[in-house]
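See below for the structure under consideration.
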Amino acid sequence: MTTKSPASIYAISARPTRFASAYVLGVLLLFALVYVGSLFSPGLQDDADSTHAEAAREMLVTHDFVTLKVNSNRYLEKAPLMYWAVSLCYLCFGVNEFAAHLPVVVSMLLLVLLAMRWGRRAFGDRAAIYAGLFISTAAGCYLFTRILIPESILSLFIAASFYFFVTALEDDDAWRWYAGYACMALAVLTKGLLAIVVVGLALLLYVGISGEWRRWREFRLFTGTLLFLAIAAPWHILAGIRNPHFFWFYFVNEHFMRFLGKRIPKDYNKQTDSLYWTLHLVWLFPWSLYLPVALRRPVSEWITRRKLGVPKPPRPPLNFRSRTELLCLAWAGVTLVFFSFSTNQEYYTFPAYFPILLLIAAKLANEEESGSRRWLLWSSGVLAAICIAISAVLAAGLWSSRHVPFVPDIGTVLAKPNLQAETLSMGHMLDLTGESFAALRLPAILAAVILLIGPAVAFWLRRRGSQVAATWTTAATMAVFLIAAHIALVRFDPFLGSRSMAQEIAPELRPADQVMIYGDESFGSSLLFYLRRPIELVNGNTTSMWWGSTYPDAPHIFLDDQELQQAWNSPQRVFLFVPQHERAKVEALLPGALHIASEASGKVILTNHL
């Protein structure tokens, strides 16, 4: 019988740690490739992206960290934490795209690190690495962090809250309970009462199913609630004191009425039920295609019990793995079901991505380690077939535009926007035409090549039994595809935003000049951020500007057509931003010569005097 020396034992046990460290670095490298470039480009988009960035800028300028304002008009529909974070970044790095994007990217990095930490403790090293990979490269995680919205920050605080609660149940450390309550309060300061709904209902469902409600005395309900209120309540109280009727507008109109589809004014849409559910396969792509692998064993065991009439075995004692699985199911289920009844945008269910991807990572790692190959091959084969089909579509688009010269402004070859469809965040995808590929040749070629090669290589690796290499190949393929998507998004910059137009007229602007937007502020909101001066709105006391315009001290920025005509015919110079769908109306409204100061993607800035 031979024995190993302590040194040799240590060397063997340390080897997986060294490998794991290399894999962690690989995850961070892929994350950097996907997300770091988005810190600097493209420019801020019109609508929510630049509106939120401008609210944070005005917060820094006015030093009012309670009442959000856009264009000096009250903007009370949002919770403040994201704007505080962006204002802090402006203070440190200046007012620019980098500072505006930084909080979202940092929150995504922290989500990746939390997924790896949680995954390692619950499911092992391989699952931990996969969880980090999946969050770094999932399509929805990338798509819905292209604009400045709080979903990733909200998801971080919700995930951290659940992590502290489940580790508190496991370790019985008091500080973990309080950390969970604190994170839930920060989530409320990020996006309102939704955090209480998701965390509260999911925990109630979890303790009810698991039977851990019997431990309720350990939950620190009284002192934890006091801590929660100490963090979450002060801003709400101050906002209510400083802004009359805030509580009705913020809690009733923006929460309950929005959920019921009766919010005033209506500036949103709702996906059909079939679209709502099936699109999650896209948002979690490519890892959603491994759902059959994740569901195979539970479904197989249930079918076997039904056929044999075997009663369900008694539930084994809870451990950290089983707690995590049950909690993630409750968390994802509550989020998805809640928004299936509510009005919704595509990104509203972002907080459900983390638990779903963590569970898929765990099941995929378990399937690979068990040596099972059939279902892995089927999922990889379907993924390869889908990617080859997408590659063929891209190749067809490139071929159809082969005789079209390069188009620097993609907006000139897009279909006329359907404003009703574009009340959903991804409505612009409906505007693509064959000719638009003339502006997207580089990203389309890059995407077509990597989708043709990468998944096919991953499928070949799975057939050879190289499971880890196959999963990494899939992740690397997705990372390159998302880089191509970033290049494409930069090409969309003139269409999605108005930065180039602001930069063109900025040298011509004098302090006495008037700058106006015809219609809703969201049509040209990036002008506010880049020009950094008040902008008057013609027929623009709508959507996010409406509630603030009702206050007696609202700024004098709201004009009607008659006031526009008076200003236009005066000696004072006016720069009027006109969106494409309003151009014919404005040209009929303003007689005489109209001088074009700037034009991009069908949008135009007109001036009355050169």
Side-chain angles (χ1 to χ4, degrees), residues 18-39 105 108-109 111-113 115-116 119 125-143 145-146 281-290 293 353 357-358 360-365 367-369 373 376-377 379-391 394 442-489:
R18 288 200 297 269
F19 285 143
S21 298
Y23 286 135
V24 169
L25 290 175
V27 172
L28 296 179
L29 176 61
L30 285 186
F31 176 87
L33 289 174
V34 172
Y35 283 92
V36 170
S38 64
L39 284 169
V105 173
M108 286 303 302
L109 176 61
L111 272 174
V112 168
L113 295 175
M116 289 193 288
D125 283 347
R126 186 181 299 199
I129 296 301
Y130 285 1
L133 276 180
F134 292 3
I135 291 175
S136 297
T137 57
C141 293
Y142 173 83
L143 284 174
T145 52
R146 301 307 89 205
L281 297 175
V282 179
W283 309 146
L284 299 173
F285 184 85
W287 313 112
S288 56
L289 296 181
Y290 287 95
V293 175
Y353 297 174
L357 291 172
L358 181 60
I360 294 175
K363 297 301 183 181
L364 178 59
E367 199 78 7
E368 290 181 358
E369 290 169 340
R373 294 176 55 183
L376 291 173
L377 278 174
S379 293
S380 292
V382 171
L383 174 60
I386 291 173
C387 290
I388 290 171
I390 297 173
S391 179
L394 292 172
L442 175 59
I445 291 171
L446 181 59
V449 171
I450 195 63
L451 292 178
L452 181 65
I453 297 174
V457 172
F459 177 71
W460 175 73
L461 288 169
R462 289 219 186 273
R463 291 198 63 183
R464 293 189 57 195
S466 302
Q467 305 298 351
V468 174
T471 303
W472 273 90
T473 300
T474 304
T477 297
M478 198 63 191
V480 176
F481 176 76
L482 294 178
I483 291 171
H486 176 74
I487 297 171
L489 192 61

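This chain uses plain numbering: 1 for the first residue, then up along the sequence. In this text the structure is predicted, and so the values were computed from the model without any measurement. Hydrogens, waters and symmetry mates play no part in the numbers below; they use all other heavy atoms, side chains included.
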| message | Working to the nearest 0.5 angstrom, can you tell me the gap between Leu109 CG and Leu28 CG? | response | 6.5 Å
| remark: In terms of heavy-atom contacts, Tyr290 and Ser380 come closest through OH-OG, 3.0 Å
| request: Applying ring-ring contact (aromatic ring centres under 6.0 Å, His included), name anything that partners Tyr353, two or more places apart in sequence or on another chain. | output: Phe350
| message | Please evaluate residues Phe285 and Leu383 with respect to the criterion side chain to side chain contact (heavy atoms under 4.5 Å, CB included), reporting the C-alpha separation (whole Å), side-chain torsions for both, the decisive distance (0.1 Å), and the verdict. | response | CA-CA 9 Å; Phe285 184 85; Leu383 174 60; 3.5 Å; yes
Using a 3.5 Å cut-off and no angle test, enumerate the donor-acceptor pairs between side-chain atoms of residues 477-486 and protein atoms at least two apart in sequence or in another chain.
unit_1: Thr477; atom_1: OG1; unit_2: Thr473; atom_2: O; d: 2.8
unit_1: His486; atom_1: NE2; unit_2: Ser41; atom_2: OG; d: 3.1

| Spatial distance of atom OH (Tyr142) from atom OH (Tyr35) [nearest 0.5 Å] | 8.5 Å
| message | For Val34, is there any backbone N or O sitting under 3.5 Å from a side-chain donor or acceptor partner on Ser38? | response | no
Please set out all donor-acceptor pairs under 3.5 angstrom arising from side-chain atoms of residues 132-141, sequence neighbours excluded.
unit_1: Ser136; atom_1: OG; unit_2: Gly132; atom_2: O; d: 2.8
unit_1: Thr137; atom_1: OG1; unit_2: Leu133; atom_2: O; d: 2.7
unit_1: Thr137; atom_1: OG1; unit_2: Trp287; atom_2: NE1; d: 3.1

| query | So how far is it from Thr474 OG1 to Leu364 CG, rounded to the nearest 0.5 Å? | reply | 9.0 Å
| Distance (rounded to the nearest 0.5 Å) between Trp283 CH2 and Ser288 OG | 11.5 Å
| Distance (rounded to the nearest 0.5 Å) between Glu369 CD and Asp125 CG | 9.0 Å
| message | One pair to check against side chain to side chain contact (heavy atoms under 4.5 Å, CB included): Ile360 and Tyr130. What are the steps and the verdict? | response | CA-CA 9 Å; Ile360 294 175; Tyr130 285 1; over 6 Å; no
| task | Rounded to the nearest 0.5 Å, what's the gap from CG on Leu394 to CD1 on Ile450? Could you check? | result | 12.5 Å
| message | Within the structure provided, determine whether Ile129 and Val24 are in side-chain contact (heavy-atom separation under 4.5 Å). | response | yes
| Ala131 and Ala361: which non-hydrogen atoms are nearest, and at how many Å? | N-CB, 3.5 Å
| field | Considering all heavy atoms, the nearest Ala127-Ala362 contact | value | CB-CA, 3.9 Å
| field | Ser391 (side chain) donor-acceptor with Leu451 (main chain) under 3.5 angstrom | value | no
| message | Test side chain to side chain contact (heavy atoms under 4.5 Å, CB included) on Thr471 and Leu461; report intermediate values, then the result. | response | CA-CA 9 Å; Thr471 303; Leu461 288 169; over 6 Å; no
| field | Where Pro443 and Ile487 come nearest, the two heavy atoms and their spacing | value | CD-CG2, 3.9 Å
| With the threshold set at 4.0 Å, does a side-chain nitrogen-carboxylate oxygen contact exist between Arg462 and Glu368? | yes
| said: Looking at every heavy atom in both Leu377 and Phe459, which two are closest together, and how far apart are they? | reply: O-CE1, 3.5 Å
| Would Ile453 and Val457 satisfy side chain to side chain contact (heavy atoms under 4.5 Å, CB included), going step by step from the backbone distance to the final call? | CA-CA 6 Å; Ile453 297 174; Val457 172; 3.9 Å; yes
| query | Taking all atoms of both residues into account, what is the closest heavy-atom pair of Ala456 and Ala384, and its distance? | reply | N-CB, 4.3 Å
